[in-house]
Amino acid sequence: MLPESYETNDVPLYEASNFPYNWTKVATLLSGRSFVDPSIIRFNNTWWIFVSDTTSSNCYLYSPTASFRDGRNIR
């Protein structure tokens, strides 16, 4: 799950430990901005995140340089 989290300036990834009642944060996918409306897709065996921020009407696209599971930020 990618919850709305613009107040914390990051995009955390949560995994269900007891769906739908308990969730555990497993990684921070993006950080450093007030990101809003994160959406994640898998295309051609690569994960992609579409996201906007609170300062513009732009949509940004990020792809990982490392596994989402290792907890490192995507740049």
- [ ] Might you point out which heavy atoms bring P12 and P3 nearest each other, and give the distance in Å?
- [x]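 Where P12 meets P3 most closely, the heavy atoms are O-CD, 3.5 Å.
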How long is the gap from [atom1] on [X] to [atom2] on [Y], to the nearest 0.5 Å?
X	Y	atom1	atom2	value
T55	R33	OG1	CZ	6.0 Å
W23	L13	CH2	CG	9.5 Å
I49	I41	CD1	CD1	10.5 Å
Y6	D37	OH	CG	10.5 Å
N22	E15	CG	CD	12.0 Å
S63	N44	OG	CG	12.5 Å

Open item on the list: Could you check whether S34 and N9, counting side-chain N and O atoms only, form a donor-acceptor pair closer than 3.5 Å?
Closed with: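 Looking only at side-chain atoms, S34 and N9 do form a donor-acceptor pair, the distance falling under 3.5 Å.
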With a 4.5 Å heavy-atom cut-off, do [X] and [Y] have their side chains touching?
X	Y	value
L61	W48	yes
S57	S52	no
V11	L2	yes
V36	V51	no

- [ ] May I ask you to decide if N58's main-chain N or O and S56's side chain share a donor-acceptor pair within less than 3.5 Å?
- [x]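 Side chain of S56 to backbone of N58, a donor-acceptor pair under 3.5 Å: yes, one is there.
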Open item on the list: Quick check on the hydrophobic clustering: are W47 and F35 connected, directly or via other members, by side-chain heavy-atom contacts under 4.5 Å?
Closed with: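 W47 and F35: one cluster.
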Open item on the list: Would you call the rings of Y60 and Y62 parallel, tilted or perpendicular, taking 30° and 60° as the class edges?
Closed with: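 Rings of Y60 and Y62: tilted, as their planes differ by 30° to 60°.
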